[in-house]
Amino acid sequence: MWRIKFIKIFLLIFSIVVTVNLFALQLTSLGKPYRERGVKQSLKQKTLLPERGEILDRKLHPVATSIPVLRIYQTGNPVESRKILLKYGIHPKKFKNRKTYFLLIGEIPFISSPLSQLMKDRQLYQEIVLKRFYPYHNIGSGIIGTMGKDRALGGLEYSMDFWLKGKEGVDYYYRDAKGNVLKFPQLDFRPPKKGKNLIITLDFDLEDYIYQLLKKTVKEKKAKGGFVIVTNPQTGEVLALVNYPTHDPNDAKPTKNKAIEDPYEPGSTFKIVPYTYAFMNGIISPNDSVETGEGYIVVEGKTIRDVHPLGKISFRDAIIYSSNVAASKLGLLIGPKGLYTMAQNYGIGAPTGSILQGESFTRLKKLSEWKKSYTANFAMGYGILVNGLQMAMAYGAIANGGILYAPRFILNHHEPVFIRRVMPPEVADTMKNILEDVVEKGTGRRAHIPGIAICGKTGTSKVYDPSRGRYDSRRIISSFIGFFPKNKPQYLIYVVIFEPQGPPYTLYGGQIAAPLFREIAEFLIKGDTYAAL
């Protein structure tokens, strides 16, 4: 009997001790370490992403911004809210073997607060985040770039990421026994810091207009693609840089910027190199004559041809009518060293100084490797690889009186970035006078606009086929580059179309690229900016 009484007394005492301990652990400071340890076991740290700075064009139009997006996560199999989710195009299902607590099942853009209809369903968790949005979609995507899941991809988004990204914050939450997500305010909350806005030199009204024209031209000519660059040659500011085809950056897929990433042989637009050197050094004058014969010459077994035989002409007319024979003869007269030096002065064979990543540049061939045939080809724009920005900046040096500037994409109050003086002002004037005649009566007549003094040059080059070891006459790069008004040019436009299709006589730069130049120039002339000059 006494044993039963002893057991009862022991159990009573044990119960009292356990109850007191539980009371002490849960409601007094004695249990604080244990309570905090239990909470921390289910405590989660959450990184708070900062709002990314906006990218604005020169007219302060947002071209890359951040919008609120409602993200819905699944913690189980939602039952109560299934119809509501389906209404927003979200198809929930039961997931097995989930390794993470939250599973993203859908996003709804432009919603800045959680949906009250879904709050009752404990199998769902809602979160408002800021997501990158590009209101112009495909337009300007090659220059702006895009945002991937957790990093910038290409364009200004990538090269100016340090400026735009801001600083991350941190918050804490934990999950109770019922699976509810609760805040944990006892730990420090650090709010994120927004990134800085970026104002760029591009005009997206102009960008949009050019994109539509370029798209139409590429499709009509069944070309592989093309690009257009518009600059202010007095400052080096890039006003438009348009590629086609492109991707929508809202799909987190970057567009290749053909204007700076794809090297190509420029053809006749490169003829400014031998002529500038020759005029600077008194080797020839514009009115000196050159014999082009029957329209071809043979150099070390390589035949160089003109489109039409021109006979004996002046060097001025050789530029106006784009004689390959005359340019090659002049190149042989100058020699490798002079051509090499002049190309370098124009910025060919080196980076332009652009802030954009991925710019292609091909070093000039060592002088010891130059043969006579290479020298002759180089003078007419073959055997040398350039990118579009290099050529735009080079022609900008003629337009502004002889100064090579670095291209500018960020709009600020700093002075233009001077690289070097390429030629004296009087040589630049000589080149401008001849390039004006190219548009008035030469190969660039389709770029002419009555009453406007336009200077320009056509370019037509064949694409080299390494598999066949020769140039393919069916694959053409058609181009035109020009600037206006002649006396103090404010706009330079460079148009390049890759591999248009059609009869050979319709594929020249003067036939395809020059008319597109004219349409863009007319748009600029009608604008308020030009009227204010």
Side-chain angles (χ1 to χ4, degrees), residues 55-64 134-145 154-157 159 198-218 225-246 249 255-262 352 354-356 359 387-396 399 405-411 416 447 454 456 479-484 489-497 513-530 533:
I55 301 178
L56 310 167
D57 81 343
R58 66 188 302 118
K59 294 179 178 176
L60 302 184
H61 298 148
V63 298
Y134 303 91
Y136 284 84
H137 298 276
N138 292 60
I139 296 163
S141 58
I143 185 75
I144 298 301
L156 292 168
E157 290 278 30
S159 59
L198 185 70
I199 303 175
I200 61 176
T201 59
L202 279 76
D203 178 345
F204 264 64
D205 290 334
L206 176 62
E207 189 89 6
D208 187 0
Y209 180 78
I210 295 173
Y211 179 84
Q212 305 305 333
L213 289 180
L214 180 61
K215 179 180 178 180
K216 179 183 176 184
T217 300
V218 169
F227 68 79
V228 176
I229 300 173
V230 181
T231 72
N232 179 346
Q234 306 299 330
T235 63
E237 291 180 21
V238 178
L239 305 178
L241 195 158
V242 184
N243 293 275
Y244 186 83
T246 59
T255 290
K256 188 174 186 180
N257 193 338
K258 295 179 72 68
I260 69 167
E261 294 182 38
D262 282 2
T352 61
S354 162
I355 64 171
L356 295 176
E359 180 183 354
N387 70 59
L389 211 50
Q390 285 177 327
M391 291 298 291
M393 293 300 108
Y395 268 79
Y405 289 116
R408 293 174 61 197
F409 291 95
I410 309 302
L411 193 63
I454 295 174
S479 63
F480 184 88
I481 188 166
F483 49 83
F484 64 93
Q490 298 298 303
Y491 297 107
L492 181 147
I493 306 169
Y494 186 25
V495 179
V496 177
I497 306 296
L516 184 53
F517 169 96
R518 186 186 66 248
E519 287 190 77
I520 298 167
E522 287 173 340
F523 179 81
L524 289 166
I525 291 168
K526 292 174 183 176
D528 294 335
T529 305
Y530 186 83
L533 295 178

Q. What's the spacing between L516 CG and K216 NZ if we round to 0.5 Å?
A. 10.0 Å
**Q.** Donor-acceptor pair, side chain of D57 and main chain of H61, under 3.5 angstrom
**A.** yes
Q.
I want to check something: taking the side chain as every heavy atom from C-beta on, are I55 and E157 in contact at a cut-off of under 4.5 Å?
A. yes
Q) According to the interplanar angle, ranging from 0 to 90°, do the rings of F484 and Y491 count as parallel (below 30°), tilted (30 to 60°) or perpendicular (above 60°)? A) tilted
(Q) Please check: side-chain N/O of S141 versus main-chain N/O of P249, any donor-acceptor pairing under 3.5 Å? (A) no
Q: Mind running side-chain contact (heavy atoms from CB on, under 4.5 Å) on V242 and Y211 for me, showing each step along the way?
A: CA-CA 6 Å; V242 184; Y211 179 84; 3.9 Å; yes
Q. Can you tell me how far OG1 of T255 sits from CD of E261, rounded to the nearest 0.5 angstrom?
A. 10.0 Å
(Q) Rounded to the nearest 0.5 Å, what separates atom OG1 in T201 from atom CD1 in I410? (A) 7.5 Å
Q.
For the OH atom of Y136 and the CG atom of D205, what is their distance to the nearest 0.5 Å?
A. 5.5 Å
Q: Taking all heavy atoms of A447 and all of F517, pick out the closest pair and write down the distance.
A: CB-CD2, 3.7 Å
Q | Full working for side-chain contact (heavy atoms from CB on, under 4.5 Å) between I200 and I144 | A | CA-CA 10 Å; I200 61 176; I144 298 301; 3.9 Å; yes
Q: Indicate the atoms forming the closest heavy-atom contact of G225 with P245, along with that distance.
A: CA-CD, 4.0 Å
Q: Enter the distance from L213:CG to K215:NZ here, rounded to the nearest 0.5 Å.
A: 12.0 Å
(Q) Check whether D203 reaches the backbone of L239 with its side chain - one donor and one acceptor, N or O, closer than 3.5 Å. (A) no
Q) If you measure from CZ on F409 to CG on L156, what distance do you get to the nearest 0.5 Å? A) 7.0 Å
Q: State which residues pass ring pair (Phe, Tyr, Trp, His ring centres under 6.0 Å) with Y405; sequence neighbours excluded, sorted by chain then number.
A: none
(Q) Give me the atom names and distance for the closest heavy-atom approach of P62 to P135. (A) O-CG, 3.2 Å
Q: Measure across N243 and K258 and return the closest heavy-atom pair with its distance rounded to 0.1 Å.
A: OD1-N, 2.9 Å
(Q) Whether the side chain of E207 engages the backbone of L202 through a donor-acceptor N/O pair (distance < 3.5 Å, no angle test) should be reported. (A) no
Q) L241 and A259: which non-hydrogen atoms are nearest, and at how many Å? A) CD2-CB, 3.7 Å
Q. If every non-hydrogen atom of S159 is compared with every non-hydrogen atom of I355, which pair is closest and at what distance?
A. CB-O, 3.1 Å
Can you give each donor-acceptor pair under 3.5 Å made by side-chain atoms of residues 226-236, sequence neighbours left out, with the distance rounded to 0.1 Å?
unit_1	atom_1	unit_2	atom_2	d
N232	OD1	Q234	N	2.9
Q234	NE2	P489	O	2.8
T235	OG1	E237	N	3.2

